[in-house]
Asker: 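Take a look at this one; I'll ask things after.
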Amino acid sequence: MHDSDTKIPSLQTMLQNARLLLACSALVVSLPAQLTSAHPVVFEQGTAIMGHHHGDMAGVEVIHSPRWWYGIGLDAERTESSSTILARANALVWRGNFPDLQSNLYLGVAAGVAWGTLSDHTSQKSETEARIEGSSHKNERSGVQSWSVEWDAEDRQYYAKARHEQFFKNEQLFTNETVARLGIAPYKAQADEPTLWTMVEWQVHSNAKLENPHHEVTPLIRYFYRNMLFEVGSSLTGKLK
């Protein structure tokens with residue numbers, strides 16, 4: 001939920017976001033070793049490198065799967081005022097293979113450290129700042145842990161995903177993040193053809209310092225071909241994702 005004085009982004013801001021999107025897409029395509037994935041666990045002996053940008057936050061995640069059912073990796077995020085580094089471990093605990101549909105259930109845990117200079121104004125903070133919020137001390141360094149559960153299902157035309165993650169600061173629960181997605185493909189692509197998805201994402205963030213949960217809705221476009229996946233969207237408040 002946004003403050004009443006939240007400003008609708010101007011056309012110039014939207015054009016700047018579009019130019020940034022084109023630059024980011026050119027960078028991703030130019031990386032020959034880039035392997036991206038939409039799942040917390042990739043194929044056996046596979047490695048995924050995923051970059052993301054949201055508002056003032058940018059991050060990168062690297063996942064390696066020694067076996068088909070689990071993956072380990074590092075997740076780093078940075079904003080103008082804070083940074084987070086997490087070591088992650090994810091497990092595929094259930095997979096349903098149906099004639100025209102596949103569904104997966106994952107569990108994950110993470111632990112790491114967060115530090116930065118934070119303001120006391122929480123309603124407009126970024127995702128990373130929200131995870132380490134809880135004190136007005138500058139340059140605070142805190143241990144951060146999390147656990148997550150994620151479910152997804154898709155066929156050649158429809159896609160659904162739900163994820164919930166709880167973050168702990170110094171072993172005390174302090175924030176929750178929930179994300180849900182629905183998507184549809186304008187055409188049914190074959191296995192060796194590029195796939196295009198249009199999606200809507202709903203995200204809710206709750207924190208002890210927020211009077212009300214923070215909601216965000218983001219339309220997205222996803223492009224997938226072989227070992228390359230690229231997503232882009234802009235929230236209803238103008239945050240590029």
Side-chain angles (χ1 to χ4, degrees), residues 1-31 34-39 48-63 75-86 114 116 118-119 121-133 150 159 161-163 165 175 177-186 194-205 207 210 213-225 228-241:
M1 187 174 295
H2 299 281
D3 292 344
S4 59
D5 60 349
T6 299
K7 295 182 179 179
I8 302 299
S10 64
L11 178 60
Q12 182 179 2
T13 300
M14 294 181 182
L15 290 175
Q16 289 175 345
N17 285 345
R19 287 194 293 268
L20 178 59
L21 162 63
L22 292 175
C24 289
S25 62
L27 174 61
V28 172
V29 172
S30 68
L31 293 174
Q34 178 87 356
L35 179 65
T36 60
S37 170
H39 301 289
I49 303 173
M50 295 169 281
H52 53 271
H53 171 82
H54 182 201
D56 73 337
M57 182 271 289
V60 63
E61 183 175 0
V62 179
I63 296 175
D75 184 357
E77 292 182 357
R78 182 176 178 83
T79 71
E80 294 178 355
S81 58
S82 60
S83 299
T84 304
I85 296 179
L86 295 172
L118 305 179
S119 67
H121 184 60
T122 60
S123 62
Q124 298 296 323
K125 63 181 176 294
S126 67
E127 294 176 23
T128 303
E129 288 175 322
R131 294 173 184 174
I132 60 177
E133 184 66 58
E150 179 175 329
Y159 173 87
K161 171 184 173 179
R163 175 183 173 86
E165 187 164 12
T175 191
E177 291 181 1
T178 302
V179 178
R181 284 185 171 189
L182 291 175
I184 184 171
T195 303
L196 187 68
W197 298 84
T198 58
M199 297 186 177
V200 175
E201 177 185 279
W202 169 73
Q203 181 177 19
V204 58
H205 169 84
N207 182 284
L210 291 175
H214 176 83
H215 296 264
E216 189 169 72
V217 176
T218 305
L220 294 157
I221 294 177
R222 167 185 285 188
Y223 173 83
F224 179 75
Y225 181 59
M228 177 69 66
L229 184 148
F230 180 71
E231 292 182 351
V232 63
S234 181
S235 72
L236 298 185
T237 57
K239 286 185 178 179
L240 183 66
K241 225 173 188 182

Asker: For the residue pair Thr218 and Ser235, what are the closest heavy atoms and their distance?
Answerer: OG1-CB, 3.4 Å

Asker: For side chain to side chain contact (heavy atoms under 4.5 Å, CB included), just list the numbers for Leu240 and Val232, CA-CA rounded to whole Å, side-chain angles, deciding distance to a tenth of an Å, and then say yes or no.
Answerer: CA-CA 7 Å; Leu240 183 66; Val232 63; 4.1 Å; yes

Asker: Quick one: pull up CD in Glu77 and CG in Leu86 and give me the separation to the nearest 0.5 Å.
Answerer: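 Interatomic distance, Glu77 CD to Leu86 CG, rounded to 0.5 Å: 7.5 Å.
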
Asker: Write down the atom of Trp197, the atom of Ala185, and the distance for their closest heavy-atom approach.
Answerer: CE3-N, 3.7 Å

Asker: In chain order, what residues pass the side chain to side chain contact (heavy atoms under 4.5 Å, CB included) check against Val204, with sequence neighbours excluded?
Answerer: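 Val204 satisfies side chain to side chain contact (heavy atoms under 4.5 Å, CB included) with Thr178, Trp202, Pro213, His215 only.
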
Asker: Looking at Pro219 and Ser234, what are the two nearest heavy atoms and their distance?
Answerer: CD-O, 3.2 Å

Asker: Going from CE on Met50 to CD1 on Ile63, what distance comes out if it is rounded to the nearest 0.5 angstrom?
Answerer: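 Met50 atom CE to Ile63 atom CD1 measures 3.5 Å (nearest 0.5 Å).
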
Asker: Could you state the interatomic distance from CE (Met57) to NZ (Lys241), rounded to the nearest 0.5 Å?
Answerer: 8.0 Å

Asker: If you draw a 6.0 Å radius around CD1 in Ile221, do more than 12 non-hydrogen atoms from other residues or ligands fall strictly inside?
Answerer: no

Asker: Tell me every residue that passes side chain to side chain donor-acceptor pair (under 3.5 Å) with Arg222, counting only those two or more places apart in sequence or in another chain.
Answerer: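 Arg222 satisfies side chain to side chain donor-acceptor pair (under 3.5 Å) with Glu231 once adjacent residues are dropped.
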
Asker: Atom OG1 of Thr79 and atom CG of Asp56: how far apart are they, to the nearest 0.5 Å?
Answerer: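 Going from OG1 on Thr79 over to CG on Asp56, the span is 5.0 Å.
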
Asker: What pairs with Glu150 under side chain to side chain donor-acceptor pair (under 3.5 Å), at least two apart in sequence or on another chain?
Answerer: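 Here the qualifying residues are Arg163.
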
Asker: Could you list the residues that satisfy side chain to side chain contact (heavy atoms under 4.5 Å, CB included) with Ile85, not counting sequence neighbours?
Answerer: Ala76, Trp115

Asker: For Val60 versus His52, what's the shortest heavy-atom pair and its separation?
Answerer: N-CE1, 3.9 Å

Asker: Rounded at 0.5 Å granularity, tell me how far CZ in Arg181 sits from CE in Met199.
Answerer: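 The CZ atom of Arg181 sits 6.0 Å away from the CE atom of Met199.
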
Asker: Can you check whether Ile184's main-chain N or O pairs, donor with acceptor, with Thr198's side chain at less than 3.5 Å?
Answerer: yes

